[in-house]
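When reading the values below, keep in mind they use all heavy atoms of this one structure, side chains included, and skip hydrogens, waters and symmetry mates.
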Amino acid sequence: MYFSSIPEAFAPIGAPLRYTLTGATANVLDLRIYTADGQLLGTKRFLGQSTVTCDIAPYLRAVLHLHPQPAHTGFIDPSDHSLTVYVEAVADTEQLRSDLRTFLPSAQPTITPSLLTALPTERLLAPSESDFLTLRLEQPIQIVVTAIDPAGRRTEHRYPTPDTGCVVFAVAADDFPTAEQLTLDLGPCGTLHYALLPRPEGAVRLAWLSRSGAIEHYTFPLVQRVERVVNRQRSYSREGWKGHVEQSEERLTLHSAYECEAMMRALGDLLSAEQLWMATAAGYHPVDLLTERAEMHRHGTLRMLAIEIRSTLKNDLLWS
């Protein structure tokens, strides 16, 4: 028996990832999915078939969870931005292992070289904020960060890529305290421009795993409303009614700035994002998006996105 087809390297886990095994002769055949370090993710059994096909994408989507952390400018560990696996076929005394394949947490195929993002290349960054750039590379490159101060003086910082494949580069505003602009030359992956501006009072910065397979960031300048919701259980006795709060949560309604169509398309990923965080200087805190519907476009007008979030943990208050 042999694997007659396996997915391409860096294929998206948001699409089917089909392994086809041909020439099986045993009545019972098990396909086992393992991570590169040998962790078993799942097993599928086939009976009485000589050719079988298994889509492993649902197994990978269930276990691939990103854990972003604040970082200084430079390349960071990309290990949780992808998943490397192999499939093992076991039938009686026969055993066969596929080649290792690395897959990305994207919903669509990616090309190389490219910057995996849906956001525009003109961006804002405030003190204590950072941004993550996920790139697919065939060959090593050097990222050049040019910091421009208010007098127009330029300072270059060079960062050679440590590897190829999927790499992640962090940009931290605090690493350039005298700059008012940053230009990033990503070689064959294009150019990004950041304007370094003060953060609006009370603004909330969110990060999310986008359809492109990268962690995107956006700062919502306005907290429109903070709502406290409690779940109170009541009982009645000779002393009268008594209440006990079993659960308390805060719901924040965030408003974006009025944005162009390109930015609104990118922000639309928020509504379907599987992973979402509130990004602070202290770390990234998972949040739950309660908004399920939003108007993203109206002809001839700039649009604004309003969303409602809460903590993913019970009794964890985001605002107080």
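With sequence neighbours excluded, the residues satisfying side-chain contact (heavy atoms from CB on, under 4.5 Å) with E122 are H193. When the side-chain contact (heavy atoms from CB on, under 4.5 Å) test is applied to E8, no partner is found at least two apart in sequence or on another chain. Residues satisfying the side-chain hydrogen bond (donor to acceptor under 3.5 Å, both in side chains) criterion with T35, sequence neighbours excluded, are D37. Looking at residues two or more places apart in sequence or on another chain, you find a side-chain hydrogen bond (donor to acceptor under 3.5 Å, both in side chains) between R228 and E250, S320. When the salt bridge (charged side-chain N to carboxylate O under 4.0 Å, His left out) test is applied to D55, no partner is found at least two apart in sequence or on another chain. Legend: residues meeting side-chain contact (heavy atoms from CB on, under 4.5 Å) with Q139, ordered by chain and number and at least two apart, are absent. Residues that satisfy the salt bridge (charged side-chain N to carboxylate O under 4.0 Å, His left out) test with E274, not counting sequence neighbours, are absent from this structure. Listed by chain and residue number, T117, R123, E216, M263, A266 satisfy the side-chain contact (heavy atoms from CB on, under 4.5 Å) test with L119 (two or more places apart in sequence, or in another chain).
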Stepwise side-chain hydrogen bond (donor to acceptor under 3.5 Å, both in side chains) test for T146 and T183 = CA-CA 5 Å; T146 302; T183 297; 5.9 Å; no
Start with the C-alpha gap between T20 and T53, add the side-chain angles, then the distance that decides, and say whether side-chain hydrogen bond (donor to acceptor under 3.5 Å, both in side chains) holds.
-> CA-CA 4 Å; T20 299; T53 298; 3.0 Å; yes
Begin from the C-alpha positions of H217 and F132 and carry the test ring pair (Phe, Tyr, Trp, His ring centres under 6.0 Å) through to its verdict.
-> CA-CA 8 Å; H217 291 78; F132 297 150; 5.1 Å; yes
Only pairs under 3.5 Å count here: list side-chain donor-acceptor contacts from residues 288-295, not counting sequence neighbours, and write none if there are none.
from, atom 1, to, atom 2, distance (Å)
D288, OD2, R310, NE, 2.9
D288, OD2, R310, NH2, 3.1
T291, OG1, E308, N, 2.7
E295, OE1, R298, NE, 3.4
E295, OE1, R298, NH2, 3.1
E295, OE1, R303, NE, 3.3
E295, OE1, R303, NH2, 2.3
E295, OE2, R298, NH2, 3.0

Contacts under 3.5 angstrom, residues 89-99 side chains, donor-acceptor by atom type, not counting sequence neighbours:
from, atom 1, to, atom 2, distance (Å)
Q95, NE2, E88, OE2, 2.9
S98, OG, V87, N, 2.9
S98, OG, V87, O, 3.3

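A71 and A172 make their closest contact through O-CB, 3.5 Å (heavy atoms, listed as atom of the first residue, atom of the second, distance).
Within 6.0 Å of atom CZ in R251, more than 12 heavy atoms from other residues, nucleotides or ligands are found, so the atom counts as buried in its surroundings. Heavy atoms of other residues, nucleotides or ligands lying less than 6.0 angstrom from CZ of R211 number 12 at most.
Other cluster members for L100: Y34, L40, Y86, joined by side-chain heavy-atom distances under 4.5 Å among Ile, Leu, Val, Met, Phe, Trp and Tyr. Other residues sharing a hydrophobic cluster with L186 under the 4.5 Å side-chain heavy-atom criterion for ILVMFWY residues are F75, L115, L125, L133, L135, L137, I141, I143, V145, Y159, V167, F169, V171, F176, L182, L184, L192, Y194, L196.
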